[in-house]
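One structure below.
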Amino acid sequence: MAVNGPIILVDDDEDDVFLIKTALEELSISNEVRVFRHGLDALHYFQQLPANPFVVISDLNMPVMNGLELLDALTQQKLLPSGFPFVFLTTSDVSAIPKQVLTEGRFSFFTKGYSYEQILETMSMVIERGR
Amino acid sequence: MHLITKLNLDNDLDLMLAHKRSMQVAEYGGVGLVHQTSFATAVSEVCRLMLDKGTMPHLFLGFLKNQSGRNSVCARVVDESISAVEPDNPNLTYARRLVSGFFVEAEAITLLCDLPVAIRLSREIILRGQKLFEELPAVTPYEEAKRLNVQLQEMATRLRESERKYQVLTDAVPLMMFTLDQEGQLLFANEGFRQFAGTALQPGKVLNWINWLSECESSVAAGEIRDRLKAKEEFSIEACIKRKADGTRLWHLLSMTPTESAVTSSVEWSGFLVNIQAQKLVEATLRDNAELKYTKQVLEKRQMELDATIADLNRSNQELARFAYVASHDLQEPARKMIVFSEMMLGRFQHLLPAEGINFLTRIKAASERMVAVIRDLLDYSRISAGEQVEMELVVFSEIIQHIEEHFDEQISESGAEIRQMGNAFLQGNKRLLTLLFQNLVGNGLKFVGAGVKPVISVNIRTLAKDEQLPECDERTEWVRVDVTDNGIGFDEQYFDKIFQMFQRLHTQEQFKGTGIGLAICKRIIEMHQGHIRVKSQVNGGSVFSIYLPYRQS
């Protein structure tokens, strides 16, 4: 983990990517934001380059490879050091996530807000989690 | 003694016969005329004596071989009353003098007359003598009548014996036998029949068998039986007839065979009734068994169809749930974006927008918020209705209320509402769903209040005595009732059914916001807990929602 490393954003929703980027700008986070459309894209990135990102922010529901699958693949292939900040950001209900995964503590879980204010708040918490 | 002939002495006429036969047997033995006469006179003298005593002696005539070699003609008068005769009776004394041998025993008197020395008694002579005396012509018409009478009596005795044997035989047979005349009058019945039909039925007494049968078995028409008897052809029918002794109805096979009587040339019927109860039982059992098998097959087929239908239903339920989930999720996203972007627009560019533009944006945002609310409720409902297995646990009721108070924290402090809880209990159920249930009910109480009224909602929980339960409540379970009482606007009870239906609302969005799903969710959750709901309400008089839930003592 590097404070100056890139923020890896995995989300297929353009609007959400836009909102998150806007929120990060407003929060004066100057780290590079690398965006991937789904889990497999992100996995390839990690496989090719032993990057040292600041934080991974991932959606749960995505085409090709969803968020949980990405987390599993990264953990299995040891592409993420343990305790690395991995954040799920989703509109989905918590109940959609298997209970045992929730209690493993491998990641943090934030819901995308219903207002820009909420999103700002969420992003500042995510950055805190990264630091 | 080698018997040649015998006589039964009934009256004085027989004395003459006894005299004659004694003469003849002595003559056949070669005895001279004088000795014949003496022997015959002695025999008739003894017979007369016995007849005078009022008894009926038997006279046996034959030959006796003496050990000394001297043979004799022998007459033996057998009578019970001989012992009563005085030994010095003058008649006996007289008779004794006329014969060469005279012996008195307890029940017989034997008289002997010696044969000439030259006479040898061979077997042939004796046999020939027997034959001769058998064929001897009658001495008098009286003798002829007497002989025939004896033959008749012997035949009668044999007949009686034969009949007795027949009766014994038929009585021993384990079936009912009887004979009828043409009119159906009972002529003969064996013991089996008498016992079955009861003591009232005696052969002798005139009993019409047809009437008896139709009394025993109403399904057999007396007319039909009469017709069949007239037809004079053998027949058999099955009938369930009643045993007199205990009234039990037993299946019998009736077989009737006509025989033409040789004497009267009228038809007699021989009938058998054989107990076929066991056979009938087996038949019935087999038939029942077949029916049972058939029913079982039908049931199994139905079960398979049902299983298939259930599987189909489950599959389509799951598909529906997945669809509802995906649809809701995908619908929620754009609505959420509309809220966020209209908010951002308002936040950042309000100063640049005309009042009308701000109005439009506010409306877009409000509409989007309503959409999100509907979708969220739909998502809840689809998740509940998907038939997914919910975990049942012991839930402390006060914890649910606490959770609900936290949930409505903001609304409560804004409106100054009050939520009162009375009583507490452990509920058997799913905590998330039960919370959702009471959250919806309390939420309605908070929402549907008249302008300027401070909402007061009381939630009372108490266990129910048996007589307080609803009729539809399972008696094997303990029940609790939760009354959620509000001081809201209430509603007309005619809408009771409507309020629990999906999307049914009694108010416009302008009056009260809502999706029309909340109470549908409540009903579904109650059903999932095998509970029941009752509502009392009055327009402007508040509402009481009573929820009956199964409960278990912790």
Side-chain angles (χ1 to χ4, degrees), chain A residues 9-28 35 37-39 57-69 88-100 102-103 109-126, chain B residues 318 321-350 361-362 364-386 388-391 393 410 430-433 435-436 521 525:
Chain A
L9 182 57
V10 192
D11 200 329
D12 61 326
D13 190 316
E14 241 175 291
D15 290 334
D16 278 331
V17 170
F18 170 75
L19 284 171
I20 288 162
K21 277 184 164 177
T22 310
L24 287 172
E25 259 171 50
E26 196 166 329
L27 289 168
S28 312
V35 180
R37 289 298 174 206
H38 52 71
I57 302 168
S58 174
D59 192 9
L60 264 181
N61 292 311
M62 286 179 293
V64 188
M65 181 187 275
N66 70 26
L68 279 174
E69 288 165 346
F88 280 125
L89 198 58
T90 180
T91 51
S92 305
D93 198 317
V94 194
S95 61
I97 303 167
K99 232 178 187 170
Q100 74 269 22
L102 262 183
T103 52
F109 183 89
F110 293 97
T111 45
K112 294 173 178 175
Y114 279 87
S115 70
Y116 181 64
E117 287 301 315
Q118 277 183 331
I119 294 170
L120 265 184
E121 205 178 300
T122 305
M123 285 325 294
S124 61
M125 282 194 289
V126 168
Chain B
Q318 279 166 5
R322 204 175 306 130
F323 169 78
Y325 181 79
V326 171
S328 312
H329 182 264
D330 289 358
L331 281 174
Q332 211 169 20
E333 277 304 289
R336 193 175 60 87
K337 300 296 165 41
M338 283 191 274
I339 296 169
V340 172
F341 285 118
S342 24
E343 204 177 63
M344 280 174 83
M345 183 97 172
L346 282 170
R348 292 189 180 191
F349 305 109
Q350 200 168 15
L361 265 178
T362 312
I364 291 173
K365 186 167 166 262
S368 309
E369 278 168 351
R370 205 159 61 235
M371 192 167 166
V372 167
V374 173
I375 291 165
R376 197 188 295 137
D377 282 355
L378 264 181
L379 211 55
D380 274 341
Y381 189 81
S382 73
R383 212 173 280 145
I384 292 167
S385 302
E388 63 180 283
Q389 283 286 313
V390 290
E391 285 171 37
E393 58 208 330
E410 210 172 305
N430 181 281
K431 189 172 182 181
R432 186 175 69 84
L433 294 179
T435 306
L436 191 57
I521 288 177
I525 293 173

Do B:R336 and A:D16 have side-chain heavy atoms sitting under 4.5 Å apart? yes
Under 4.5 Å to a heavy atom of chain A? For B:E369 that would be neither
Do A:T22 and B:M344 touch side chain to side chain, with heavy atoms closer than 4.5 Å? yes
Is the number of heavy atoms from other residues, nucleotides or ligands under 6.0 Å of A:E14 CD greater than 12? no
Looking at every heavy atom in both A:Y116 and B:E343, which two are closest together, and how far apart are they? N-OE1, 2.8 Å
Is chain B contacted by the side chain of A:D13, its backbone, both, or neither, given a heavy-atom distance below 4.5 Å? side chain
Among B:K337, B:Q332, B:K365, B:R376, the residue with the most heavy-atom pairs under 4.5 Å to chain A is B:K337
